[in-house]
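Counting from 1, the numbers follow the sequence of the chain as shown.
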Amino acid sequence: MTSAAADDPPITVLIADDHPVVRQGLAVLFEVQDDIALVGQASDGAEAVTLTRELDPDVLLLDLMLPGLDGMGVLAQLREEDSRTRVLVLTSAGGSARPALALQAGAAGFLYKDVDPDALVRAIRSVHDGHTVLAPGAAGLVTGRPGREVRGVGALTSREREVFALLADGQSNREIARTLRVSEKTVKTHVSAVLAKLGVADRTQAALLAVRATDR
């Protein structure tokens, strides 16, 4: 159990999973975390969207295989609404394309349900801090997935290139937001996209990649 700083509010989390046993297990896990507060549970995709809108959680823990509106549909809806909630996919759904598709749809992380509980808690904290988190197997699928999609620096939009350059300078999300005159939420979205397209796990790796690129 990790204690939160006295002045720091807990990370609010919403669970979206259609299996009651899974939801109950996660609820028990979060109860013993001083810096994480479970604010709601959804059993289907439509309820996940509604509760995200009403409760405005910091992190949505989202299963992809939901009745009615599935997880990908939830991601699409939240992106359309420009939700500030960071989405961490936690699923047993297989398929080599799922991790990359989830990140493209706006997820900030992708984990499988066999993840160690402590690793899941760390992932929630990391996603909340603006990082992208991938299960080891998912990371390989994202970075090495064949297909028509262009990846790497060449896949970045002009705005994402600006963010990439500022990441390389060591700027925080807040500093990047100030430099580009956009919201910190917008910066988090761009950072997630940059990390996903570059196939790196965090901003430190992105910065190292930028250094190597300029040294060529």
Side-chain angles (χ1 to χ4, degrees), residues 1-16 26 29-40 52 55-62 75 78-79 82-91 99 102-112 115-136 138-139 142-143 156 159-160 162-180 182-210:
M1 179 172 64
T2 300
S3 296
D7 295 333
D8 291 341
I11 301 168
T12 54
V13 176
L14 170 67
I15 300 170
L26 291 171
L29 173 64
F30 297 152
E31 280 181 1
V32 297
Q33 309 301 322
D34 292 337
D35 60 339
I36 295 177
L38 179 63
V39 295
T52 299
L55 301 173
D56 191 30
D58 295 318
V59 177
L60 168 61
L61 204 56
L62 176 68
L75 285 167
L78 294 181
R79 169 174 274 186
D82 197 24
S83 171
R84 76 163 191 95
T85 298
R86 303 271 288 168
V87 180
L88 175 58
V89 170
L90 180 67
T91 189
L103 292 182
Q104 292 165 23
F110 190 103
L111 297 176
Y112 295 107
V115 65
D116 180 80
D118 289 338
L120 174 59
V121 170
R122 291 194 300 270
I124 290 173
R125 295 178 183 134
S126 184
V127 163
H128 175 254
D129 288 340
H131 304 301
T132 298
V133 177
L134 293 172
V142 170
T143 59
L156 302 180
R159 177 61 90 183
E160 289 166 355
E162 291 178 317
V163 172
F164 182 35
L166 295 173
L167 280 177
D169 288 339
Q171 291 195 19
S172 66
N173 285 354
R174 180 171 297 179
E175 290 169 333
I176 294 174
R178 190 177 300 121
T179 299
L180 299 180
V182 297
S183 70
E184 196 169 343
K185 179 176 67 174
T186 297
V187 171
K188 285 184 178 182
T189 299
H190 288 316
V191 169
S192 294
V194 168
L195 297 181
K197 289 181 180 180
L198 296 180
V200 296
D202 55 43
R203 59 202 303 132
T204 300
Q205 293 182 16
L208 291 174
L209 185 62

Where H190 and V163 come nearest, the two heavy atoms and their spacing: CB-CG2, 3.8 Å
Closest heavy-atom pair and its distance - N173, K188: ND2-CG, 3.4 Å
Least distance between heavy atoms, L103 atom then G109 atom: CD2-N, 4.2 Å
Salt bridge R178-E175, side-chain N to carboxylate O under 4.0 Å: no
Shortest non-hydrogen separation from L111 to L134 and the atoms involved: CD2-C, 4.1 Å
Donor-acceptor contact below 3.5 Å, side chain K185 vs main chain D82: yes
Nearest heavy atoms of P57 and V13, plus distance in Å: CB-C, 4.3 Å
Results of salt bridge (Lys or Arg N to Asp or Glu O under 4.0 Å) for E184 - residues two or more places apart only: R174
Residue pair R159 / L180, side-chain heavy-atom distance below 4.5 Å: yes
Heavy-atom donor-acceptor pair, T12 side chain to A37 backbone, under 3.5 Å: no
Results of salt bridge (Lys or Arg N to Asp or Glu O under 4.0 Å) for D169 - residues two or more places apart only: none
Side chains of I124 and I36 in contact at under 4.5 Å (non-hydrogen atoms): yes
Test side chain to side chain contact (heavy atoms under 4.5 Å, CB included) applied to L61 and V89, V87, V127, L120, the passing residue: L120
Side chains of L90 and L26 in contact at under 4.5 Å (non-hydrogen atoms): yes
Side chain proximity check, L78 to L60, heavy atoms < 4.5 angstrom: yes
Qualifying residue for side chain to side chain contact (heavy atoms under 4.5 Å, CB included) with L62, from T91, L75, I15, L14: L75
For D116 against D118, the heavy-atom pair lying closest together: OD2-N, 3.0 Å
With D129 via side chain to side chain contact (heavy atoms under 4.5 Å, CB included) - residues at least two apart: H131
Side-chain touch D58/R84, heavy atoms, less than 4.5 angstrom: yes
